[in-house]
Amino acid sequence: MTLRLFNTLTGQMDDLVPSDGQALRMYACGPTVYDYGHIGNFRTFLQVDVLRRTLKLMGMKLQHVMNITDVDDKIIRNSTAAGIPISEYTPRYVDAFFEDLDALRVERPEQIARATENIDRMVALIQKLADAKAAYQTEDGSWYFRLSAFPEYGKLSKKDLSGMEDGARVDVDEYEKDSARDFALWKAAKPGETAWDAPIGRGRPGWHIECSAMSMAYLGDSFDLHAGGEDLMFPHHENEIAQSETVTHKPLAHHWMHVRFLLVDGRKMAKSEGNFYTLRDLLLRGYKASAIRLALISVPYRHQLNFTFDGLTEATHAIERLRTFRERLAKGAFAAGSNPAMKDAAEKAHTDYMAALANDLNTAEARAPIFDLVRTANTAIDQGQLLAEDRDAILAVLRAFDAVFDVIEDRDAEPTRRAIAWAQQTGRAADIAPELLARQSLSDEAIDTLVAERTLAKKQRNFARADQIRNELAEKGVILEDSKDGVRWKRK
RNA sequence: GGCGCGGUACCCAAGUGGUAAGGGAGAGGUCUGCAAAACCUUUAUGCGCCGGUUCGAUCCCGGCCCGCGCCUCCA
């Protein structure tokens, strides 16, 4: 099975296949670690995760590199304000980033590339650009890329910059540059700023050169796929192409994938808009990591996603439906044998599911056959028509679903527990929803004890006491379900 | 201004030239001591508006209205 994926560069759907016949070599732009990640960041990383997992489910091997930008203007600004060197400032945000990825079940790339560990490679690339007359140094010691050296500039974002007038009063602060659009490759050190000594002078790398140097170092001059948020298309990715292809004369990446933005209440998320949420904000409000994951991946990557709290609630309920269903299959007793109708239903669901993913990662379309199967199978179970082999076939379909979506298996307790601990340790305890704390107040053992007491009360037909216990548990966010096979409880 | 995307039921959302997946929510019912879960029924002759092409358009073409994103750091 082959994934058809929209390619920004060609403007059409192209098959995504490893050009070396072995593993798909892909580079995805990672975070700049100057603060905690927000849900917009994570939508992009989640969609790249969907891509990764889909390719793996199709049997493809991956060589996926993600950079971490651990030196840039914002980092320097913030670390200076905090009065500590960037080497002490960034680790906490690097750790937080990976913790958040874990909470959201985002798989780690095969290779993490840190900017500060690849400075030599960036310097070497700038020297090659200088040799090619595509880079020049200004009076203050900074290096810039000469846009006029790369006629194809704009081919990714389809921008025609030929009409832009050089030397126009576009950017008075950058009067030293030959052209207003020329971008920085190397920023000369200013007093007190983090800097590296290099043959091209003391300074630090520009953002764009990082990705060019690291992607080529880990994946070769020309690789299969480059991914990132839509905002990176211009100028970041365009600049990467210019830097790399000027030196190699080969396409940097054959395929470019851009994840569209997440909006909040119909607007781009921004601190100044007051609609800015980190993952931790949502966890502390009591939303489950799985619900956040599902909400952020259920709208296909090529569409804007309008984030709302209603959407999270909806995702919570949808996951609950799937989990309840799987538990019913796993714990129920089914007679041996196979029901041809159910076998067909399971096969069809699997086929449709895979086809939807193969069609440009259409996650919304991929969900539908799974929920169809849930309803069909539930009905069959109600009528005693579902047999043991059918159960196994359906469980296999659910595993294929979770291989990409990864929300049925309940791993929500840990991220929530960690978020609460983090809030308490960093003086943000006030941000923890009271309801969430109430929910945490009962141990599993305490719940089991109360459930047992209620079961006894029911047996003695003391329904008043039984209902009282059920209500008490409900107030603590524990929901009970009676069935022939006993009582199931779950945390809200 | 340039480039691009979207407007489908109460909400989210898929989709196709032949009459609308799925999820959530609501209503009624079955089951249950009562609930919960599950199942059944139900909620768009309708897919922003106006023209056109066509035997037939939500899906193709043109125009218009509305919303959003990028064009500067930004996932």
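Chain letters run A, B, ... following the sequence lines, proteins first, then strands; residues in each count from 1.
- Residue A:His317 has its side chain nearest to B:G24 when only B:G15, B:G22, B:G24 are considered.
- More than 12 heavy atoms of other shown residues, nucleotides or ligands fall within 6.0 angstrom of atom NZ in A:Lys490.
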Sort me out a list of protein N/O and nucleotides 39-43 of chain B N/O pairs below 3.5 Å, or just none if empty.
from: B:C39; atom 1: OP1; to: A:Arg321; atom 2: NH2; distance (Å): 3.1
from: B:C39; atom 1: OP1; to: A:Asn378; atom 2: ND2; distance (Å): 3.3
from: B:C39; atom 1: OP2; to: A:Arg321; atom 2: NH1; distance (Å): 3.2
from: B:C39; atom 1: O4'; to: A:Asp382; atom 2: OD2; distance (Å): 2.9
from: B:C39; atom 1: O3'; to: A:Thr379; atom 2: OG1; distance (Å): 3.0

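- Nucleic acid contact for A:Gly40: base, since at least one base atom lies under 4.0 Å from a heavy atom of the residue.
- Across B:C31 and B:A75, the matching C1' atoms stand 48 Å from one another, rounded to whole Å.
- Centroid-to-centroid, the aromatic rings of A:His226 and A:His237 come within less than 6.0 Å.
- Within 4.0 Å of A:Gly266, counting heavy atoms only, lie sugar-phosphate atoms of the nucleic acid but no base atom.
- Within the 4.0 angstrom heavy-atom criterion, only backbone atoms of the sugar-phosphate kind lie near A:Leu263; the bases stay farther away.
- Residues A:Asn41 and A:Asp372 both approach RNA chain B. Their nearest nucleotides, taken by heavy-atom distance, put A:Asp372 toward the 5′ side.
- Between A:Arg260 and B:C70, a side-chain N or O to OP1/OP2 separation shorter than 4.0 Å is absent.
- Comparing the P positions of B:C10 and B:U45 gives a spacing of 9 Å, expressed to the nearest Å.
- Only the C1' atoms considered, B:G18 is 23 Å distant from B:G22, to the nearest whole Å.
- A donor-acceptor pair is defined here as one N or O able to donate and one able to accept, closer than 3.5 Å; no such pair exists between the side chain of A:Asn118 and the backbone of A:Ala115.
- The nucleotide whose nearest atom lies closest to any side-chain atom of A:Pro235 is, among B:G22, B:C73, B:G69, B:C73.
- The base of B:G23 lies close enough to the side chain of A:Glu314 for a donor and an acceptor atom to sit less than 3.5 Å apart.
- Pairs of Watson-Crick or G-U wobble type, with distances under 3.5 Å, assemble into runs of 3 or more in RNA chain B at these ranges: B:1-7 with B:65-71, B:10-12 with B:22-24, B:25-30 with B:38-43, B:48-52 with B:60-64.
- For the P atoms, the distance linking B:U72 with B:A9 amounts to 36 Å, nearest Å.
- In this structure, A:Leu480 reaches the bases: a heavy-atom distance under 4.0 Å links it to at least one base atom across the strands shown.
- Residue contacts for A:Asn306: at a heavy-atom cut-off of 4.0 Å it reaches no nucleic acid atom on any strand shown.
- At least one donor-acceptor pair closer than 3.5 Å links the side chain of A:Asp410 to the backbone N or O of A:Asp412.
- One cannot find a donor-acceptor pair under 3.5 Å joining the base of B:A13 and the side-chain atoms of A:His303.
- Nearest-nucleotide mapping onto RNA chain B: of A:Glu481 and A:Lys158, the residue sitting toward the 5' end is A:Lys158.
- As a whole-Å value, the separation of A:Asp231 CG from B:C73 C1' is 10 Å.
- Centre separation under 5.5 Å together with a plane angle under 30° holds for the ring of A:Phe463 and the six-membered base ring of B:G33, marking them as stacked.
- The side chain of A:Lys268 lies closest to B:C74, out of B:C71, B:A13, B:C74.
- In this structure, the NZ atom of A:Lys458 is 10 Å from the C1' atom of B:A36, given to the nearest Å.
- Using modelled atom types, one side-chain atom of A:Tyr89 and one backbone atom of A:Tyr34 make a donor-acceptor pair closer than 3.5 Å.
- Regarding A:Phe309, its CZ atom lies at a distance of 19 Å from the P atom of B:A25, rounded to whole Å.
- To the nearest angstrom, C1' of B:C73 lies 13 Å from CG of A:Asn239.
- One donor-acceptor pair, N or O on each side, does fall under 3.5 Å between the base of B:G33 and the side chain of A:Asp467.
- Nucleotides B:C49 and B:G7 place their P atoms 13 Å apart, quoted to the nearest Å.
- In this structure, the side chains of A:Leu16 and A:Met257 stay at 4.5 Å or more apart for every pair of heavy atoms.
- In the interface, the side chain of A:Arg470 is paired with the base of B:A35 through a donor and an acceptor atom under 3.5 Å apart.
- Remark: P of B:A37 and CZ of A:Arg488 are 10 Å apart, rounded to the nearest angstrom.
- Distance check: A:Trp207 CH2 to A:Asn239 CG gives 9.0 Å after rounding to the nearest 0.5 Å.
- For A:Ile408 and B:G23, the CD1 to C1' distance is 14 Å, given to the nearest whole Å.
- B:C65 and B:G48 have their C1' atoms separated by 8 Å, with the value rounded to a whole Å.
- Atoms NZ (A:Lys155) and C1' (B:G4) sit 20 Å apart, rounded to a whole Å.
- Backbone-only engagement by A:Ala318 is indicated by non-hydrogen atom pairs under 4.0 Å involving sugar-phosphate atoms exclusively.
- The backbone N or O of A:Ala403 sits less than 3.5 Å from a side-chain atom of A:Arg53, completing a donor-acceptor pair.
- Of the candidates B:A75, B:A36, B:G23, the closest approach to any side-chain atom of A:Arg367 belongs to B:G23.
- Between A:Tyr277 and A:Phe309, the angle of the ring planes goes over 60°, which puts this pair in the perpendicular group of the 30/60° scheme.
- Looking only at distances, a side-chain donor or acceptor of A:Asn67 sits under 3.5 Å from a matching main-chain atom of A:Gly30.
- Under the 3.5 Å distance criterion, the side-chain polar atoms of A:Arg293 are matched with a main-chain donor or acceptor of A:Phe405.
- Comparing the C1' positions of B:C12 and B:G26 gives a spacing of 15 Å, expressed to the nearest Å.
- As a whole-Å value, the separation of A:Gln304 CD from B:A14 P is 12 Å.
- Across all strands shown, A:Glu320 has no heavy atoms under 4.0 Å from either base or sugar-phosphate atoms.
- Annotation: side chain of A:Glu193 is in contact with side chain of A:Lys190 (closest heavy-atom distance under 4.5 Å).
- Here, B:C3 and B:A14 have their C1' atoms 27 Å apart, quoted to the whole Å.
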